[in-house]
Amino acid sequence: MRPEDWLTQFIEIVAALAAAPIFLGWVSQCRAWLQNRRAPSLWLPYRNIRKLFHKEAVIAQNASRLFRLAPYVVFGTMVLAAAIIPSMGTRLPLVVSADAIALVGLFATARVFMALAAMDIGTAFGTLGARREMMVGFLAEPALLMVIFVASLLSASTALPAITEHLATQTLGLDPALAFTAVAFTLVLLAENARIPVDNPSTHLELTMIHEAMLLEYSARHLALMEWTTALKLFNYACIGFALFIPWGVATGHIGPLGLAVAIPTLAVKLALAGGGLALIETLCAKLRVMRAPEFLATAYLFAVLGLLVHVMLGARG
Amino acid sequence: MPQIALDQQLLDACAAVMLLLSFAMLSQRRIVSLVNLYAVQGGALATATLLVAWRTGEGHLYLSAALTIALKVIFLPWLLHRLIRRLEVYWDTEPLLNVSGTMLAGLLIVVFAFGLAQPITQLASTATRSAIGIAVSVVLLAFLMMITRRKAMSQVVGFLSMENGLFFAAMSATYGMPMVVELGVALDVLVAMLVLGVFFFQIREQFDSLDLHHLESLKERD
Amino acid sequence: MTTIFSSPLTGCAGLLAAWGLIGLAGLLRPASVRFAGRTLFPLGAMAGLALAAIAGSSLLAGGTEQLVLPFGLPDLPFHLRLDPLSSFFLLLLGASSAGVSVFAGGYFRQGEGTAPGLLCLQYHLFLASMGWVLLADDAYGFMVAWEVMALSSYFLVTTQHRIPEIRRAGFIYLLMAHLGAIAILLCFGVLQGGSWQFTFDAMRAAHLAPAWAAAAFLLALAGFGLKAGLVPLHVWLPEAHPAAPSPVSALMSGVMLKTAVYGLLRVTLDLLGRPVWWWGLVPLILGLFTAFYGVVFAAVQTDMKRLLAYSSIENMGIVFTGLGLSVIFLGAGMQAVAALALLATLYHCLNHSFMKSLLFLGTGSVLHATGERNLGRLGGLIHSMPWVAWLTLIGALAIAGLPPLNGFVSEWLLLQSFLFADRVPHEFVNLLIPMGMALVALCAALAGYVMVKFFGVIFLGQPREPSLAHAHDCGRLERLGLAWLALGCVLLGLLPFQVVAALGAVTRQLVGAAVPQAASHWWLLAPVPGRAVSYGPIIFLAATAGVVALTALVVRLAYHQRVRRTPAWDCGFGSLTPRMQDTAEGFGQPIRNIFQSFFQIERELPAPSDRTPRYRIAIADRFWRTVYEPLGSSVQRLASAVAFLQQGRVSVYLLYSFVTLIVLLALALFA
């Protein structure tokens, strides 16, 4: 690995950390516009995180060490995930340590720690949130894995950069099998990031919330880390989507400053569009009842499997 | 992996979209959306037909594409929408099998259809032969949709979608049926649609509902 | 001593004999817990470690050794053989039983059941017989060892034999074990192929017609699948595992189930030689179904040991899936990929023996400390039992398949081999296999659900019963046993490269290929033939830990570290009682809803007007009602149909014997 690859790696991580809250802010801004509300500032998530870091942490008396450890673990896994997703360049030194399956494993680790931490205090909401999160997770995780497998079968590798490089060089990047998986991936993205129609990021209404219910007992720096993680997770998912479905613009090969000069604005444009699209979906959809969420996710899972079948079927061209 | 020609890729994409729409119809509960999905499926079919026509230069395929657009994208959906408004059936009730179950069954059907189409695929010499499996799936999925619904309206959409699948199968196996057959089928569908429309009004007159479980009382023995 | 340890095979045999002697020594002072616990069990653990060391070095050397013991039946001496396959499973046996034995030393107490000395004998006999199964090189010795294994474990399961349910569980176990043994016996009968030589060497040399070979394979699958808990032959497993004392459950689940995998591997890939590709479909489909069935049932259990038993069923399903996949690839002539799938199978066996033993031992400690195995009466134990809680957490995370622990590695290998499915040259099959991949992914995710439930309900939250506040952490020996197994989970997860390299000898022996080790780095696993895919758990861990540490440091330096402890907030609702938490039933509710049609649910709901509302739900295995009960009653009917033979008069019985004798003699005369 050359030094400039390490530089790309470093820039990617820093950019992810910096851009994730802005992306979240951008989505809420778009949502507000679409719903004829006055939009909050783009920097609101930042201010929120900063404010939380300055506060004194209040922790329940019966919280164990697991509770205090979890925000750091969850944050760490999400940063590593950001490091191995080729959002700007495909020559990333850390990628040798984790392919796409390990990426899904990383997300699973974050989810399990979050759920365990939510159960630690033993409140009604905490366990409820943990249960629902695991319910969403056990269907969303295989769906995501299937989405990735379709791309892996197309490019004969499970390493994300290899997939991106392969797909970026196709004449018509959109393989029919990828059409199915794109639908599945969108559904998974919505569910995994606690967006409408599965969860609502902007309310704390007991009967419907999933993600927020798990964070109720957190405060101050722990909450700040959790919120930052949430933003990072959305950012990561968006970048996975770009890597699989619209890989153009990512710098392939050993890139110098020129490659990054193309890749960074491209990423910004993609993020802006994706944020708008996400806000549009959230505005057009109604929140599902929690009991309907498994059906929604099962649909995602089956679409992903269908993508796999279509790949094999159309691939059988003699 | 060898590079595949652009029109081939587009054809594959059309086939995939048709299958996608079949599954979307399978999971859709609102009848209005069901009809819209049907219209889009007709559109995908017409696109595929046009592509094949352009590729093979068979003139009658252009005609059948035009027929598809006129009938399946414009006229029948319009007719169905009118019926929906007149009959005021916007929602199907809860289907007999829940969505996940239906989808799972659909998945198995796709696997089965693929196995079924395998020998045909090997015999056929058309460029579109890899889509035969998908076409058979579309037919069987439409069948499945008709089985799992309660409202007559959604069953009709299922029936129409089945016809789409048959048409697509014929096109991918032998570049379409002879023109006479095609016209005949189109006429059949049209007439069936009109007859069913009359039928709906009769059913509603009789039972005050389009829910087909009322028909169960028509059997002779309990 | 030097002569015994001069060769690995005699060393292993000697250690098995040592286990037998340690067991017999227990009879010297049968009533003394101290003698058995403090002396004999740790000695057994040492023997286990030594066995692991010898087997491990023999595995690395990759050689094969044979030995004919000078005793046995006349003309039927016991043959022993140590090759890479048996070395690997002996390594597994020695290494994980060492942890279990140490733990058992601190675990067994004086109680109602079997006396400690006798228990010690049964326990070590069980260990020795498992070792013997792995070493046996003739059908006769194999079957004797297999039966000793079944019997000794039966006695161990029924340690608490005064409880009727446990006696019933033991009976079911024994019955099923014998059905399996019959299938295996028949399988060996087919395998000898008319030579009437029952050594494995003769079986390797025999040429079977394709139909007979398939029959032998299916019989082996039935017999060994029964031992491994393959659905629908799994019913004994969730009964027997919870009934046994925890160290025994750990051994049964961790090691004994693997002997079944060993047996099937031995028959399919060694004795039968070249398998046909479609054979693999049977274990693949059964394995997938088993995995799914097991994990769904695990998610709705309320008894912690039953939950783990169902989770074992799931894991065995995954193992069989890998095995089936390997056979398919091998039959299709893709040796390198077959080696990859086989590697995943073996690796998962090793992982599961560590993870599941760890979890069963953890439940044992909880059971001792609280006297409860119902998840609904536990909770909050992380405060009173920190050692057990944190060590069990490692096992739970590992079995949930989370990186960088060991469960993930085998799952990763399995999924990687699944990704070659589209290369299988059979049209329809390569469509079915991706569905299998989807199912494996679903099972892995559900395993996470199960483990969050398992760990969260037992160790986190508030204690659901007041008595739990007085729970005590486990003793030193128990801690040592748990720590050893947890260490195994971590190391197997972090050093996959070394494990895979060691397993190369086994895959070379069975499928004639080993996975390539493309990367030359010791910290990087890159076993996929022809694809540049890698996984480096150490960097993975280091990067995550680095970020965590850095974050903690920055937060510590930049912001104040003040923490205030208050009562839980819980959205401002005042009185928070432990009963407001999810119970095990509550946590399993989504699964129960989604997979409703899978279960046979019996529900008792309270009416709104009830003064003392009662909510009860019972979930039963459908297979009991649909398969086993009709089977049982038809056997009963058959038995009563022939009951007229029982006349109660001695002369009638003598007549039966006489007639039989005459018939036989007549046959001998005319044949």
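Note on naming: letters A, B, ... go to the chains in the order of the sequence lines (proteins, then strands), and numbering restarts at 1 for each one.
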Undergrad: Out of C:Gly380, C:Gly586, C:Pro578, C:Gly401, return the one with the most heavy atom pairs under 4.5 angstrom to chain A.
TA: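 The answer is C:Gly586.
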Undergrad: Heavy atoms only: give me the nearest A:Gly307-A:Ala177 pair and the separation to one decimal.
TA: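 Result for this residue pair: O-CB, 3.4 Å.
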Undergrad: Output the option from C:Thr544, C:Leu419, C:Val547, C:Thr577 having the highest count of non-hydrogen pairs under 4.5 Å with chain A.
TA: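 The candidate making the most pairs under 4.5 Å is C:Leu419.
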Undergrad: Heavy-atom pairs under 4.5 Å with chain C - which of A:Val104, A:Leu66, A:Val95, A:Val74 has more of them than the others?
TA: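 When all of A:Val104, A:Leu66, A:Val95, A:Val74 are compared, A:Leu66 has the most.
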Undergrad: Measuring from atom CZ of C:Phe455 to atom CD1 of C:Ile394, what distance do you get when rounded to the nearest 0.5 angstrom?
TA: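 It is 10.0 Å, given to the nearest 0.5 Å.
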Undergrad: Given a strict heavy-atom distance threshold of 4.5 Å, which part of A:Ser152 is in contact with chain C: side chain, backbone, both, or neither?
TA: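 Just its side chain gets close to chain C.
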Undergrad: Please look at A:Leu225 and chain C and tell me whether the side chain, the backbone, both or neither of the residue comes under 4.5 angstrom of a heavy atom of that chain.
TA: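 Side chain of A:Leu225 only, per the 4.5 Å heavy-atom cut-off to chain C.
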Undergrad: Could you tell me which portion of C:Phe540 (side chain, backbone, both or neither) has an atom closer than 4.5 angstrom to a non-hydrogen atom of chain A?
TA: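 Contact with chain A involves both backbone and side-chain atoms of C:Phe540.
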Undergrad: Can you tell me which portion of A:Val305 sits under 4.5 Å from chain C's heavy atoms? Options are side chain, backbone, both or neither.
TA: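 Only the side chain of A:Val305 comes within 4.5 Å of chain C.
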Undergrad: Taking C:Cys443, C:Ala552, C:Pro386, C:Ala543 one by one, which has the highest count of heavy-atom pairs under 4.5 Å against chain A?
TA: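 Among the listed options, the one with the most contacts to chain A is C:Ala552.
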Undergrad: Could you check whether C:Gln581 and A:Thr123, counting side-chain N and O atoms only, form a donor-acceptor pair closer than 3.5 Å?
TA: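 No, no side-chain donor-acceptor contact under 3.5 Å.
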Undergrad: Could you tell me which portion of A:Arg111 (side chain, backbone, both or neither) has an atom closer than 4.5 angstrom to a non-hydrogen atom of chain C?
TA: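 Neither part.
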Undergrad: Considering only heavy atoms, which portion of C:Leu550 lies under 4.5 Å from any heavy atom of chain A: side chain, backbone, both, or neither?
TA: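 Neither the backbone nor the side chain of C:Leu550 comes within 4.5 Å of chain A.
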Undergrad: Just wondering, more than 12 heavy atoms not from C:Arg592 lying within 6.0 Å of its CZ?
TA: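 Yes, the 6.0 Å shell around CZ holds more than 12 heavy atoms from other groups.
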Undergrad: Report which part of C:Ile538 has an atom under 4.5 Å of a heavy atom belonging to chain A: side chain, backbone, both, or neither.
TA: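 Neither part.
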Undergrad: Would you mind checking which part of C:Gln589 comes under 4.5 Å of any heavy atom in chain A, side chain (CB onward), backbone (N, CA, C, O), both or neither?
TA: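 Answer is side chain: those atoms of C:Gln589 sit under 4.5 Å from chain A.
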Undergrad: Sort A:Phe113 into side chain, backbone, both or neither according to what part of it lies under 4.5 angstrom from a heavy atom of chain C.
TA: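 Side chain of A:Phe113 only, per the 4.5 Å heavy-atom cut-off to chain C.
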Undergrad: Let me know if A:Ile84 has heavy atoms under 4.5 Å from chain C in its side chain, its backbone, both or neither.
TA: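 Neither part.
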Undergrad: Can you tell me which portion of C:Val440 sits under 4.5 Å from chain A's heavy atoms? Options are side chain, backbone, both or neither.
TA: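 Neither part.
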Undergrad: When the ring planes of C:Phe595 and A:Phe138 are compared, do they come out parallel, tilted or perpendicular, using 30° and 60° as the limits?
TA: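 Ring orientation of C:Phe595 relative to A:Phe138: tilted.
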Undergrad: How are the rings of A:Tyr218 and A:Phe67 set relative to one another: parallel (under 30°), tilted (30 to 60°) or perpendicular (over 60°)?
TA: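 Rings of A:Tyr218 and A:Phe67: parallel, as their planes differ by under 30°.
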Undergrad: Please classify the contact between A:Ile121 and chain C as side chain, backbone, both or neither, with a heavy-atom cut-off of under 4.5 Å.
TA: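 A:Ile121 touches chain C through backbone and side-chain heavy atoms alike.
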Undergrad: Taking the side chain from A:Trp228 and the backbone from A:Leu17, do they hold a donor-acceptor pair closer than 3.5 Å?
TA: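 Side chain of A:Trp228 to backbone of A:Leu17: a pair is present.
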Undergrad: Counting only heavy atoms closer than 4.5 Å, note whether A:Ala63 contacts chain C via side chain, backbone, both or neither.
TA: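 Its backbone and side chain both get close to chain C.
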Undergrad: Hey, is the main chain of C:Val457 close enough, under 3.5 Å, to the side chain of C:Arg464 for a donor-acceptor pair?
TA: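 Looks like yes, one N/O pair under 3.5 Å.
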Undergrad: Under 4.5 Å from any heavy atom of chain C, what part of A:Leu145 do you find: side chain, backbone, both or neither?
TA: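 Contact with chain C involves the side chain of A:Leu145 alone.
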Undergrad: Within the distance-only criterion (no hydrogens, no angle test), does the side chain of C:Glu314 pair as donor or acceptor with the backbone N or O of C:Phe292 below 3.5 angstrom?
TA: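 Absent.
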Undergrad: In terms of heavy-atom pairs under 4.5 Å with chain A, which of C:Tyr535, C:Phe418, C:Phe459 leads?
TA: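 Answer, by heavy-atom pair count under 4.5 Å with chain A: C:Tyr535.
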Undergrad: Roughly how far, to the nearest 0.5 Å, is OH of A:Tyr301 from CG of A:Leu139?
TA: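 Going from the CG atom of A:Leu139 to the OH atom of A:Tyr301 covers 8.5 Å.
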Undergrad: Out of curiosity, A:Ser64 OG to C:Trp390 CH2, how far, rounded to the nearest 0.5 Å?
TA: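 Answer for the OG-CH2 pair, A:Ser64 versus C:Trp390, is 6.0 Å.
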Undergrad: Kindly compute the distance separating CZ (C:Phe408) from OG1 (A:Thr109), expressed to the nearest 0.5 Å.
TA: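 The OG1 atom of A:Thr109 is 8.0 Å from CZ of C:Phe408, to the nearest 0.5 Å.
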Undergrad: Using non-hydrogen atoms and a 4.5 Å limit, figure out which bit of A:Leu80 sits close to chain C: side chain, backbone, both or neither.
TA: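 Just its side chain gets close to chain C.
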Undergrad: With a 4.5 angstrom heavy-atom cut-off, is it the side chain or the backbone of A:Glu56 that approaches chain C, or both, or neither?
TA: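 Both backbone and side chain.
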Undergrad: Is chain A contacted by the side chain of C:Met437, its backbone, both, or neither, given a heavy-atom distance below 4.5 Å?
TA: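 Answer is both: backbone and side chain atoms of C:Met437 are under 4.5 Å from chain A.
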Undergrad: Answer whether the closest heavy-atom distance between the side chains of C:Pro496 and C:Pro537 falls below 4.5 Å.
TA: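 Answer yes - side chains close enough.
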Undergrad: Counting heavy-atom pairs closer than 4.5 Å to chain A, which one of C:Ile539, C:Asn593, C:Val555, C:Leu442 comes out on top?
TA: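 Heavy-atom pairs under 4.5 Å are most numerous for C:Leu442.
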Undergrad: Which answer fits C:Ile594, side chain, backbone, both or neither, if we ask what part of it has an atom under 4.5 Å from a heavy atom of chain A?
TA: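 Side chain of C:Ile594 only, per the 4.5 Å heavy-atom cut-off to chain A.
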Undergrad: Side chain, backbone, both or neither: which part of A:Met146 has an atom under 4.5 Å from a heavy atom of chain C?
TA: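 Side chain of A:Met146 only, per the 4.5 Å heavy-atom cut-off to chain C.
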Undergrad: For each of A:Thr77, A:Leu106, A:Val73, tally heavy-atom pairs with chain C at distances under 4.5 Å, and name the one with the top tally.
TA: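 Sorted descending by pairs with chain C, the first entry is A:Leu106.
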Undergrad: Quick one: of C:Pro567, C:Ala545, C:Pro404, who has the most non-hydrogen atom pairs under 4.5 Å with chain A?
TA: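 Ranked by contacts with chain A, first place is C:Pro567.
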Undergrad: Please rank A:Asn62, A:Leu308, A:Asp99 by heavy-atom pairs under 4.5 Å with chain C and give me the top one.
TA: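 Option with the greatest count: A:Asp99.
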Undergrad: A:Tyr72 vs A:His222 aromatic rings, parallel, tilted or perpendicular, using cut-offs 30° and 60°?
TA: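 Judged by the thresholds at 30° and 60°, the geometry between A:Tyr72 and A:His222 is perpendicular.
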Undergrad: Tell me, side chain or backbone of C:Leu446 under 4.5 Å from chain A's heavy atoms, or both, or neither?
TA: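 Answer is both: backbone and side chain atoms of C:Leu446 are under 4.5 Å from chain A.
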Undergrad: Is it the case that the side chain of C:Ser534 and the backbone of A:Val96 share a donor-acceptor pair, with hydrogens and angles ignored and the cut-off at 3.5 Å?
TA: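 Judged by distance alone, yes, a pair lies under 3.5 Å.
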Undergrad: Is it true that, when you exclude A:Arg50 itself, more than 12 heavy atoms of the residues, nucleotides or ligands shown sit nearer than 6.0 Å to its CZ?
TA: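 No.
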Undergrad: Roughly how far, to the nearest 0.5 Å, is the CG atom of C:Asn351 from the CG atom of C:Leu405?
TA: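 It is 10.0 Å, given to the nearest 0.5 Å.
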Undergrad: Considering only heavy atoms, which portion of C:Val563 lies under 4.5 Å from any heavy atom of chain A: side chain, backbone, both, or neither?
TA: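 For C:Val563, backbone and side chain are both near chain A.
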Undergrad: Looking at A:Pro142, A:Gly122, A:Ser97, which makes the most heavy-atom pairs under 4.5 Å with chain C?
TA: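 Top count of heavy-atom pairs under 4.5 Å with chain C: A:Ser97.
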Undergrad: Given that the side chain runs from C-beta out, which part of A:Ala162 has a heavy atom under 4.5 Å from chain C: side chain, backbone, both or neither?
TA: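 For A:Ala162, there is no contact with chain C at all, as no heavy atom is under 4.5 Å.
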Undergrad: Do you know which of A:Ala156, A:Ser157, A:Ala159 has the most heavy-atom pairs under 4.5 Å to chain C?
TA: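 Most pairs with chain C among the choices: A:Ala156.
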Undergrad: Which region of A:Met78, side chain (C-beta onward) or backbone (N, CA, C, O), has a non-hydrogen atom less than 4.5 Å from a non-hydrogen atom of chain C, or is it both or neither?
TA: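 Neither; nothing under 4.5 Å.
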Undergrad: What verdict does the side-chain contact (heavy atoms from CB on, under 4.5 Å) test give for A:Met119 and A:Met214, after you've listed the backbone C-alpha separation in whole Å, the side-chain angles of each residue and the deciding distance to 0.1 Å?
TA: CA-CA 8 Å; A:Met119 293 179 84; A:Met214 294 196 294; over 6 Å; no
Undergrad: To the nearest 0.5 angstrom, please state how far the CZ atom of A:Arg132 sits from the CE atom of A:Met291.
TA: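 A:Arg132 atom CZ to A:Met291 atom CE measures 7.0 Å (nearest 0.5 Å).
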